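Not measured: the values here are computed from a predicted model.
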Amino acid sequence: MAELIYLVEDDPNVSELIRCTLTSFSYEMKCFDSAEAMFEACDGGRLPALFILDIMLPGMDGIRALRRLRESGETAGVPVVMLTAKSGEVDKVTGLDSGADDYIAKPFGVLELAARVRAVLRRRPGMNVASVLSHKDIVIDCDRHMVFVGGEPVALTLKEFELLLCLMRNSQRVMTRDELLNLVWGYEFAGESRTLDMHIRSLRAKLGDDAEKPIYIKTVRGIGYTMA
């Protein structure tokens, strides 16, 4: 069963961005536009593995919601990531002192968000979440940010690494061009789609792949890319 994450964010655009990002990393998401709605879902329902709380919320703000979570026996040990447009040190200290496990200021990179979520979940007592992914003879060591093909290290740029990581984390389905552009280059990326094609071409060359007879990355015409 996929790990469940509760997101409380009143901006529908930000909420949808986070939902799409974390769903693509195989998390189950439940999204709320207020802390009150989130607490209603907690009563008698399945508790999440992680809460993501915006600080600036209508009604009960994120700090008050965080303190209430920490005061409850059921949710006291569930990790909480605070998400806010505020980047001041006072807000960060207040959140961490109130029991937050991590703090991310907007605007944020979606892959950074996913990495922070994975890191927080790995730190839970008794958890040993694998940070190494493999597909055929490709191995990605996420913690060390390294890629190996047939046991030999392959030097990738940051975008090439993030692109390969997205494809391998979603190896059972086709990733659309828009999904890859949004995840790797950002939700508001305004570049031409040929940027993606150029990086795929470069990535294939470094992996020793062939576009006509792909070993690793397959083109699905009119849609996007998937792991072969």
Test log, rule side chain to side chain contact (heavy atoms under 4.5 Å, CB included), inputs Ile52 and Val8: CA-CA 6 Å; Ile52 301 177; Val8 187; over 6 Å; no
Glu112 and Arg116: CA distance, side-chain angles, deciding distance, salt bridge (charged side-chain N to carboxylate O under 4.0 Å, His left out) verdict: CA-CA 6 Å; Glu112 177 193 1; Arg116 296 281 193 96; 3.0 Å; yes
Derivation and outcome, side chain to side chain contact (heavy atoms under 4.5 Å, CB included), residues Leu53 and Val80: CA-CA 7 Å; Leu53 304 177; Val80 178; 3.8 Å; yes
Stepwise side chain to side chain contact (heavy atoms under 4.5 Å, CB included) check, Met227 with Gln172: CA-CA 8 Å; Met227 299 303 292; Gln172 301 303 312; over 6 Å; no
Full working for salt bridge (charged side-chain N to carboxylate O under 4.0 Å, His left out) between Glu162 and Lys159: CA-CA 5 Å; Glu162 292 176 344; Lys159 293 303 183 189; 3.7 Å; yes
Evaluation steps, salt bridge (charged side-chain N to carboxylate O under 4.0 Å, His left out), between Arg173 and Glu179: CA-CA 12 Å; Arg173 69 183 186 91; Glu179 281 181 306; 3.1 Å; yes
Leu203/Arg201 under side chain to side chain contact (heavy atoms under 4.5 Å, CB included): CA gap, chis, key distance, verdict: CA-CA 5 Å; Leu203 181 57; Arg201 190 179 305 117; over 6 Å; no
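Atom CD of Glu152 and atom CG of Asp137 lie 11.0 Å apart (nearest 0.5 Å). The distance from the CG atom of Leu4 to the CD atom of Glu28 is 5.0 Å, given to the nearest 0.5 Å. From Leu163, atom CG reaches atom CG of Leu156 across 9.5 Å, with rounding to the nearest 0.5 Å. Taking CG of Asp10 as the reference point, atom SG of Cys31 lies at 12.5 Å (rounded to 0.5 Å). Considering SG of Cys42 and CG of Leu47, their distance stands at 6.0 Å, rounded to 0.5 Å. Between atom CD1 of residue Ile55 and atom CD of residue Glu9 there is a gap of 11.5 Å, rounded to the nearest 0.5 Å.
Using a distance-only test at 3.5 Å, with no hydrogens or angles considered, no donor-acceptor pair links the side chain of Thr75 to the main chain of Val78. Using modelled atom types, no side-chain atom of Lys30 and backbone atom of Leu7 make a donor-acceptor pair closer than 3.5 Å. At least one donor-acceptor pair under 3.5 Å links the side chain of Thr23 to the backbone N or O of Arg19. Listed for the Ser24 side chain is a donor-acceptor partner under 3.5 Å among the backbone atoms of Thr21. Asp102 places no side-chain N or O within 3.5 Å of a backbone atom of Val81 that could act as its donor or acceptor partner. Listed for the His135 side chain is no donor-acceptor partner under 3.5 Å among the backbone atoms of Arg169. Distance alone, capped at 3.5 Å, is enough to place a donor-acceptor pair between the Arg70 side chain and the Ala76 backbone. When atom types are taken as modelled, the side chain of Asp61 and the backbone of Leu57 share no donor-acceptor pair closer than 3.5 angstrom.
Side-chain contact between Leu167 and Ile200 is present, with heavy atoms from C-beta onward closer than 4.5 Å. Using a 4.5 Å heavy-atom threshold, the side chains of Tyr27 and Arg118 count as touching. Residues Ile223 and Met175 fail the side-chain proximity criterion, which asks for heavy atoms closer than 4.5 Å. At a threshold of 4.5 Å between non-hydrogen side-chain atoms, the residues Leu69 and Tyr6 do not count as touching. The side-chain heavy atoms of Phe51 and Met38, taken from C-beta on, include a pair separated by under 4.5 Å. Proximity of Tyr225 to Asp197: side-chain heavy atoms (C-beta onward) are separated by under 4.5 Å at one or more points.
Within a 6.0 Å sphere centred on NZ of Lys206, other residues, nucleotides and ligands contribute more than 12 heavy atoms.
When all heavy atoms are compared, the tightest approach of Met56 to Asp54 is O-OD2, 3.1 Å. The shortest heavy-atom contact between Ser134 and Val139 is CB-CG2, 4.2 Å. Summarising the geometry of Ile217 relative to Asp209, their closest heavy-atom pair is N-OD2, 2.8 Å, with the distance given to 0.1 Å. Between Phe161 and Met146, the shortest heavy-atom contact is CE1-N, 3.9 Å. Residues Cys166 and Leu111 come closest through the heavy atom pair SG-CD2, 4.0 Å. Minimum heavy-atom separation, Pro79 to Asp101: CA-OD1, 3.1 Å.
In the hydrophobic clustering of ILVMFWY residues, with side-chain heavy atoms under 4.5 Å counting as a link, Val174 and Phe25 come out apart.
Put simply, the residue from Leu133, Val154, Leu207 that forms a side-chain contact (heavy atoms from CB on, under 4.5 Å) with Leu164 is Leu207.
Relative to the ring axis of Tyr216, Arg204 does not place its NZ or CZ within 45° and under 6.0 Å from the centre.
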